Amino acid sequence: MEKRVRENLLWILKEVKKAIKDLDIIKLRDLSNHTLHDASILQEENSIQIAVIVYSLSKIFERKNYQAYKSWQYFYKNLVQYLDNAMRSLEIDNEKDYKKASKSLIQTIDKLDYKLRGYMIKVIEKAKVHKASRLHEHGISVGRTAEILGVSQYELMSYLGGTGIADINLSISMDIKTRIEFARSLFE
Amino acid sequence: MKTLILDTGPIISLVTDNLLWILEELKKKFNVDFIIGKTVRTELVENALKTKRFMFEGMFIDSYLKKKVIKLITTDLNHKLEFYANNIFLAEGQPLQLLHKGEIESLLLCKKLNADALVIDERTTRLLIEDYEKLRQLLEKKLECKIKINKENLDLFLEETKNIKIIRSAELLFIAYENGLFDNYRNSFNKKDLLNGVLWGTKLRGCSISEAIYKARLGHVFDDNQIQQEKDIVLIF
């Protein structure tokens, strides 16, 4: 793992731990955007994954009713453990253990109450599409972002339609009159 | 006969808006060939069939492939175009991997078949072909760093794609509208609302069209003698 990526991930995880303790949802959401730069440039899987995890956490902690589920405490305990293990492995530059820690967080979700697990899986799927849209906003094509985040282009296109990503001057590459005149010439 | 290569996006926009039928009508009326590549088919059909939400859309597109409204043509993906496209812009010394194999395949099909146009809704490929400088500025603004250009790869990419002309699903729908394919709805709805509904539908399903463009300029695409008659449409966007 590149030093810059590792340091960025470590900083994010430390801040995430604090934000979770303080139940600071806005901070969690902001932190999820901190890896977008590396995710766009390096298209590095750990940076992409952490963006999805942290955004998902912001959504999970936002919904207070999740905390009423029986397995919430189990999730919380394992989340803190994941953060500690992930930080430790980054500190000693052990990418293998870092990935193991990330995997254990996903395995924790599998062991939750049926309903809570279902909610969290949905939150993670939505987080992937949201982050894919942000990557596309940064200039990466729809096909490429869908591939990087492992989401379908159907999902991504319908999400993008609801954003204002296309509504900037830098998106315009040809006068609409010229394009429609060309289109007309194809159908004569 | 005109040949149009379709990327994944326009078919997704049309099928999710229940408007894929316009391809069949345009094909009949104007003798146009609509073509997709194998990677695009995989995303549109095979990958959709694996999901619950888009399974039927996958089946629907498959039926259009079976009745040859959309034709599948394969092309060799082992071409340097992907390398050129993904090694044009450099951020912090790192080449930006911008395009996907499906988009590259659509470009290669355009070249192979000497197609009349590429129908593509997504912004990055369009900007790279039509106005790479705007794409550079967009990358610079969003990534908040200096974006350098590898001139050699840019020139090679532009040389390979120089004859490719682009339209979007919005233009296909506009042509369909102009040629009366939505006339069945005119009894119940006025022209302004009809065109408004059709174009907003495709925009909200991911076609990269700017609201501002239509707001400012849509009126000018009509002939002079139509402008008065169609003026209301200008106002709605």
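Values in this document were obtained by computation on a predicted structure and should not be read as measured data. Naming: A, B, ... by sequence-line order, numbering from 1 per chain.
Side-chain N or O atoms of A:Y154 include one that pairs as donor or acceptor with a backbone N or O of B:L44 at under 3.5 Å. Between the B:E122 side chain and the A:V142 main chain, a donor and an acceptor come within less than 3.5 Å of each other. Panel note: side chain B:E92, backbone A:I41; no donor-acceptor pair is recorded below 3.5 Å.
Ionic pairing of A:E147 and B:K101 is not present here: no N-O contact between side-chain nitrogen and carboxylate oxygen is shorter than 4.0 angstrom. The pair B:R53-A:E155 counts as a salt bridge, with a side-chain nitrogen and a carboxylate oxygen less than 4.0 angstrom apart.
In this structure, chain B has heavy atoms under 4.5 Å from both the backbone and the side chain of A:Q153. With a threshold of 4.5 angstrom between heavy atoms, B:I129 does not approach chain A through any atom at all. With a 4.5 Å cut-off on non-hydrogen atoms, A:S185 touches chain B through its backbone but not through its side chain. Both the backbone and the side chain of B:L98 come within contact range of chain A, judged by heavy atoms closer than 4.5 Å. Of the two parts of B:E133, neither the backbone nor the side chain holds a non-hydrogen atom closer than 4.5 Å to a non-hydrogen atom of chain A. Using a 4.5 Å cut-off between heavy atoms, B:V15 touches chain A through its side chain atoms alone. For A:R4, the part sitting under 4.5 Å from any heavy atom of chain B is the side chain, from C-beta outward, and nothing else. For B:D116, the parts sitting under 4.5 Å from any heavy atom of chain A are the backbone and the side chain alike. Both the backbone and the side chain of A:I165 have a heavy atom closer than 4.5 Å to some heavy atom of chain B.
Side-chain contact between A:L160 and B:R123 is absent, with no heavy atoms from C-beta onward closer than 4.5 Å.
With A:L186 as reference, B:I167 is the one residue of B:V32, B:I167, B:I175 to meet the side-chain contact (heavy atoms from CB on, under 4.5 Å) rule.
Of the residues considered (A:S40, A:G161, A:S141, A:G143), A:S141 shows the highest number of contacts with chain B, using heavy-atom pairs under 4.5 Å. The residue among B:Q97, B:E144, B:K2 with the most heavy atom pairs within less than 4.5 Å of chain A is B:Q97. Listed options B:C207, B:G206, B:A91, B:C145 were ranked by heavy-atom pairs under 4.5 angstrom with chain A; first place goes to B:G206. Residue with the most contacts toward chain A among B:D131, B:N47, B:L99: B:L99 (heavy-atom pairs, distance under 4.5 Å).
A:K27 NZ: more than 12 foreign heavy atoms inside a 6.0 Å radius. Atom CD1 of A:I92 has more than 12 heavy atoms from other residues, nucleotides or ligands within 6.0 Å. Other residues, nucleotides and ligands contribute at most 12 non-hydrogen atoms within 6.0 Å of the NZ atom of A:K96.
Note: A:S158 OG to B:I12 CD1 = 9.0 Å, rounded to the nearest 0.5 Å. Rounding to the nearest 0.5 angstrom, the gap separating the CE atom in A:M157 from the CZ atom in B:F54 is 10.5 Å. Atom CZ of A:F187 and atom NZ of B:K29 lie 11.5 Å apart (nearest 0.5 Å). With rounding to the nearest 0.5 angstrom, the CG atom of B:L139 is 7.0 Å from the CD1 atom of A:I140. The distance from atom NZ of B:K141 to atom CD of A:E137, rounded to the nearest 0.5 Å, is 9.0 Å. Atom CG of B:L96 and atom CZ of A:R144 lie 10.5 Å apart (nearest 0.5 Å).
A pairwise comparison of heavy atoms in A:S171 and B:R126 identifies O-NH1, 2.8 Å as the closest pair. The heavy-atom pair separating B:K134 from A:N169 by the smallest distance is NZ-O, 3.5 Å. The shortest non-hydrogen separation linking B:E130 to A:S173 is OE1-OG, 2.6 Å.
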